[in-house]
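Working notes, beginning with the structure itself.
We name chains A, B, ... by the order of the sequence lines, and we start the count at 1 in each one. This structure is a prediction, so every number in the text was calculated from the model and none was measured.
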Amino acid sequence: MRFSKMLIPTLREVPSDAEAISHKLMLRAGYVRQLAAGLYVYLPLGLRVINKIHAILKEEMDAIGAQEITMPVLHPAEIWQQTGRWQAIGDEMFRLKDRTGRDMCLGMTHEEIMTWLASREIRSYRDLPQMWYQIQTKLRDEARPKSGVLRTREFIMKDSYSFDASEDGLEKSYRLHEGAYHRIFKRCGLNFYQVESDPGMMGGAISHEFMAPSPAGEDEVALCDKCGYAANVELALSVLPKVEFEEWEFEEIHTPEKRTVQEVSNFLKLSPAYFIKSILVISDSGPVLALVRGDQDLHEKKLSKIIGNHRPAQKTEVKDILGIEAGFIGPMNQKVRIIADTILEKGCYVSGANKPHYHAKGIRAGKDFSTEWYDIHVAKEGDGCAKCGNRLRIERCIEIGNIFKLGTKYSVPLKAVYLDENGTEMPVIMGSYGIGPARIAAAAIEQNNDKDGIVWPKSIAPFNVEILPLNVKDVKTVEVAEKLYKDLTEKGIEVLMDDRDERAGIKFKDADLIGIPVQVILGEKNLKEGLVEIKDRRTKEAVKVKIEEVMIDRV
RNA sequence: CGGGGCGUAGCGCAGUCUGGCUAGCGCACCUGCCUUGGGAGCAGGGGGUCGGAGGUUCGAAUCCUCUCGCCCCGACCA
């Protein structure tokens, strides 16, 4: 392609409402434009990158035997009502009515529709297994679109679904996807981790996320470099740094107006690790007192798995239910259900004395209170790995893909069943697997850029080579540029030629910004000696080669 | 949905507190000259319902009310 014929609106200045590096660079380099919050136009360069990623996705999905199909984006409500997700999902689903008043929605994902298809077309164990995928638009009315194309309201997803006759079959399909995902992200030039994740509203028991480390990400993962434990902090387990306990006798201490752990800690000159933090929450089945160590934070998602939906109690509720003002609550003599973090099983602690302006010292589990034990704290940097004890690292990441074992969550309500060898009707066992191509592109930029712009991995760059004829008024320069352009293109190399009548400086700046991996620079002086320059975008290293050797060097 | 910030030319911004010349600057854009190895230089030029509606006032980008949009933090999140 000729630069002069292509829409590549590079920007000298950064649009003020871009924050993430990938967002700034995609805008500046002319890859995307924003239509509205969470809605993006992909310009020619951007589309080329996305298409490169799609091609890799298709190759790797085809390679594990998945079959490409395509499904509607507009769905009738009935199918979503049958699985319960019409009700379960809130404002995040775009809903509308057709002209006859029938409820419809825009697809945020396609479990329901894929399962609907399976229910009609799969009859026998002989039809299984099946893996179907599509590269299709999803719509979600995100509460907060952000960071450019990283979180949008309309986006493309590669989503695939597996249908098996047995758990073993599901395991195989799951492993096939796992392998394909590793190959895909590797081919796209990304650094990434596979981590354990929370299945959330997808249902099912086991799921993993693929995470590309980047400060622009929205997730945090806990990583153990020794044993390889890797999990989203939404469920990561950890053991806490030990503290040396003293053999305190139980005593009440006057702590006037000292309510928070920090205040009492300062007042008593005692580390927060010696405190029990007591938090009252209101669950659907009544109040629950959650206990974590004073230097820890309560993990609400972990608690939800134990007691279901809950919310923090209001101050008046605390007083009504426990008979004491918040700030002086302790776990002793409580009638409500208590859930405590396992770390508190051992040790001797300080907590509220259930008496205004008093705290109690010398509290021990078993002696002073009884409880149910769970890991309910947030894993933090420096905690011990729950598997091997080694120090955990926490890293911020972009979620670029995920894989779920769904089981029969969708096949049962939608009656996707088959007859087994004995003629018994059985629900199909399913898995679902997603990848966001735009997130791959953004993560690739986040991980590969410098002060001058993007440095694309070769596999997903919009072009392989950019030719820079520095002075298009020079006959020799144009002659050589045209010949190189023709020869390289005929060899199947994708070439962008900056044929604009611009100054050299502008061409260099734009080339670096756009980030095509290889630059072939044609300057008048070098050409007189029969030389051109080949420059690596990443290293900025340039070598001079004879004009006729450009081909050899490249091919 | 809660908190914060911002809407003035294609982009980046000043002007708003304290109402008053014809609404400014840089970049980009158009014309000409010049220039061609890192976003040049000179000269001339085009482009604005100051997000929108209503109000106060002799007079509103500026003050008041309402409203729409965008960004950030949090909540939420297949």
Side-chain angles (χ1 to χ4, degrees), chain A residues 9-20 23-24 27-28 30 33-39 80 83 85 88-94 105-114 136 138-148 150-153 155 157-159 161 197-204 207 209 216 218-219 232 234 300-301 304 309 311-312 399 401-404 406 409-410 432-436 451-453 468-474 477-478 498 500-513 519 521-527 532-533 535 540 542 544:
Chain A
T10 58
L11 266 28
R12 189 183 298 229
E13 286 176 285
V14 193
S16 62
D17 53 6
E19 192 83 5
H23 189 196
K24 288 180 187 169
L27 288 170
R28 280 196 61 208
R33 287 294 182 263
Q34 186 183 47
L35 171 66
L39 298 175
W80 286 82
T83 62
R85 291 212 289 186
I89 297 171
D91 293 338
E92 202 170 325
M93 182 183 276
F94 282 109
C105 66
L106 301 179
M108 5 192 344
T109 178
H110 280 80
E111 280 77 17
E112 275 79 359
I113 314 305
M114 285 279 179
Q136 177 64 286
K138 313 288 180 201
L139 291 123
R140 295 180 191 171
D141 196 355
E142 288 285 350
R144 180 141 99 87
K146 58 182 285 203
S147 308
L150 281 176
R151 180 168 287 270
T152 55
R153 294 193 292 178
F155 59 97
M157 187 195 287
K158 185 293 300 173
D159 50 326
Y161 304 83
S197 72
D198 181 352
M201 91 173 229
M202 291 296 290
S207 65
E209 287 165 335
E218 299 180 86
D219 288 273
N232 195 307
E234 288 179 355
E300 302 201 359
K301 283 202 173 162
S304 289
N309 282 335
R311 59 171 175 83
E399 181 188 353
N402 52 36
I403 52 181
F404 293 91
L406 298 176
K409 173 173 166 140
Y410 299 91
S432 89
Y433 317 89
I435 286 181
K451 66 173 172 47
D452 295 312
L468 285 79
L470 296 184
N471 182 0
V472 295
K473 294 226 168 81
D474 178 62
T477 301
V478 172
D498 194 345
R500 296 174 301 170
D501 183 12
E502 291 286 358
R503 300 171 57 80
I506 289 178
K507 295 191 180 192
F508 284 127
K509 288 289 184 190
D510 275 346
D512 287 349
L513 186 56
Q519 299 171 3
I521 299 162
L522 311 188
E524 282 180 76
K525 288 189 194 108
N526 283 328
L527 287 176
V532 301
E533 212 172 331
K535 188 167 166 187
K540 297 277 177 86
K544 289 181 186 176

**Q.** Heavy-atom donor-acceptor pair, A:Arg33 side chain to A:Leu27 backbone, under 3.5 Å
**A.** yes
Q: Check whether any side-chain nitrogen or oxygen of A:Arg144 sits under 4.0 Å from OP1 or OP2 of B:rC73, and answer yes or no.
A: yes
Q.
In whole Å, measure the gap between the P atoms of B:rU18 and B:rC63 for me.
A. 8 Å
(Q) Applying the Watson-Crick and G-U wobble criteria at under 3.5 Å, what pairs with B:rG24? Answer none if nothing qualifies. (A) B:rC13
Q) Rounded to the Å, how far apart are A:Arg311 CZ and B:rG2 P? A) 18 Å
Q | Whole angstrom value for the distance that separates P of B:rG37 from CD1 of A:Ile521 | A | 12 Å
**Q.** A:Lys138 and A:His110 side chains, donor-acceptor separation under 3.5 Å
**A.** yes
Q: For nucleotides B:rU16 and B:rC21, find the distance between their P atoms and express it as a whole number of Å.
A: 13 Å
Q: Describe the nucleic acid contact of A:Asn402 in one word from base, sugar-phosphate, nothing, applying a heavy-atom distance below 4.0 Å.
A: base
Q.
Can you measure A:Glu19 atom CD to B:rG5 atom C1' for me and round it to whole angstrom units?
A. 12 Å
Q.
Please classify the nucleic acid contact of A:Asp452 as base, sugar-phosphate, or nothing, using heavy-atom distances under 4.0 Å.
A. nothing
Q: Using heavy atoms to find the nearest nucleotide of RNA chain B for A:Ala18 and A:Asn471 separately, return the residue whose nucleotide is more 5′.
A: A:Asn471
Q | Salt bridge A:Glu111-A:Arg85, side-chain N to carboxylate O under 4.0 Å | A | yes
Q) Is it true that the NZ or CZ of A:Lys535 lies under 6.0 Å from the centre of A:Phe508's six-membered ring and within 45 degrees of the ring axis? A) yes
Q: Write down the distance between CD (A:Glu524) and C1' (B:rU35), rounded to a whole number of angstrom.
A: 12 Å
Q: From the options B:rG12, B:rG37, B:rU36, select the nucleotide whose nearest atom is closest to the side chain of A:Arg503.
A: B:rU36
Q: Using the C1' atom as the reference point in each nucleotide, state the distance between B:rC11 and B:rA28 in Å, no decimals.
A: 7 Å
Q: Could you tell me whether A:Leu39 contacts a base, only the sugar-phosphate backbone, or nothing, with contacts defined as non-hydrogen atoms closer than 4.0 Å?
A: nothing
Q: Determine the contact category for A:Lys473: base if any of its heavy atoms lies under 4.0 Å from a base atom, sugar-phosphate if only primed atoms, P, OP1 or OP2 are that close, otherwise nothing.
A: base
Q) Base, sugar-phosphate, or nothing: which does A:Ser147 touch, judged by heavy atoms less than 4.0 Å apart? A) sugar-phosphate
Q: Report the base-pairing partner of B:rG2 (Watson-Crick or G-U wobble, both distances below 3.5 angstrom), or none.
A: B:rC73
Q. With no hydrogens and no angle check, is any side-chain donor or acceptor of A:Ser432 less than 3.5 Å from a backbone partner on A:Phe404?
A. no
(Q) I want to verify a distance call: between B:rG37, B:rG39, B:rC77, whose nearest atom is closest to the A:Thr10 side chain? (A) B:rG39
Q: Tell me whether the OP1 or OP2 atom of B:rU36 has a side-chain N or O from A:Lys507 closer than 4.0 Å.
A: no
Q: Measure from the side-chain heavy atoms of A:Ile506 and tell me the nearest of B:rC77, B:rC76, B:rA40.
A: B:rA40
Q: For B:rA9 versus B:rC1, give the span between their C1' atoms, rounded off to a whole number of Å.
A: 36 Å
(Q) Which is more 5' along RNA chain B, the nucleotide nearest A:Gly436 or the one nearest A:Ala143? Just name the residue. (A) A:Ala143
**Q.** Distance, C1' atom - from B:rG39 to B:rA75, rounded to whole angstrom
**A.** 43 Å
Q | Rounded distance (Å) that lies between atom C1' of B:rC77 and atom CZ of A:Phe404 | A | 11 Å
Q) Is the shortest side-chain N/O distance from A:Ser16 to OP1 or OP2 of B:rC13 below 4.0 Å? A) yes
Q) Residues two or more places apart in sequence or in another chain: which of them pass salt bridge (Lys or Arg N to Asp or Glu O under 4.0 Å) with A:Arg500? A) A:Asp498, A:Asp510
**Q.** Base paired to B:rU49 (Watson-Crick or G-U; both N/O distances under 3.5 angstrom)
**A.** none
Q. Can you name the residues that form a side-chain contact (heavy atoms from CB on, under 4.5 Å) with A:Asp91, not counting sequence neighbours?
A. none
Q) B:rG7 pairs with which nucleotide, Watson-Crick or G-U wobble, both distances below 3.5 Å? A) B:rC68
Q: Determine the contact category for A:Asp512: base if any of its heavy atoms lies under 4.0 Å from a base atom, sugar-phosphate if only primed atoms, P, OP1 or OP2 are that close, otherwise nothing.
A: base
**Q.** Pairwise C1' distance for B:rC50 and B:rG19, with rounding to whole Å
**A.** 15 Å
Q. Once you round it to whole Å, what is the distance between C1' of B:rC76 and CE of A:Met93?
A. 16 Å
**Q.** Paired nucleotide for B:rG37 [Watson-Crick or G-U wobble; both distances under 3.5 Å]
**A.** none
Q. Partners of A:Glu142 by salt bridge (Lys or Arg N to Asp or Glu O under 4.0 Å), sequence neighbours excluded?
A. A:Arg151
Q: Taking atom C1' in both B:rG47 and B:rG24, compute the distance separating them and give it to the nearest angstrom.
A: 14 Å
Q: Heavy atoms under 4.0 Å is the rule here; annotate nucleotides 24-32 of chain B 5' to 3' with B where the base is hit, S where only the sugar-phosphate is, and - elsewhere.
A: --BSS----
**Q.** Atom-to-atom span, CG of A:Asp17 to C1' of B:rG10 - whole angstrom
**A.** 14 Å
Q.
I'd like the P distance from B:rU56 over to B:rG69, given in whole Å.
A. 27 Å
(Q) Classify A:Val14 by what it touches in the nucleic acid, base, sugar-phosphate, or nothing, heavy-atom distance under 4.0 Å. (A) sugar-phosphate
Q: Rounded to the nearest angstrom, tell me the gap between atom CG in A:Leu150 and atom C1' in B:rC72.
A: 15 Å
Q | Proximity to the side chain of A:Arg28 - top-ranked nucleotide from B:rA75, B:rG39, B:rG37 | A | B:rG39
Q: Applying side-chain contact (heavy atoms from CB on, under 4.5 Å), name anything that partners A:Glu524, two or more places apart in sequence or on another chain.
A: A:Asn471, A:Asp474, A:Thr477
(Q) Taking atom NZ as the centre, does A:Lys540 end up with more than 12 heavy-atom neighbours from other residues, nucleotides or ligands that are less than 6.0 angstrom away? (A) yes
**Q.** All salt bridge (Lys or Arg N to Asp or Glu O under 4.0 Å) counterparts of A:Lys525, not counting sequence neighbours
**A.** none
Q) Looking for any heavy atom pair under 4.0 Å, which part of the strands does A:Asp474 touch: base, sugar-phosphate only, or nothing? A) nothing
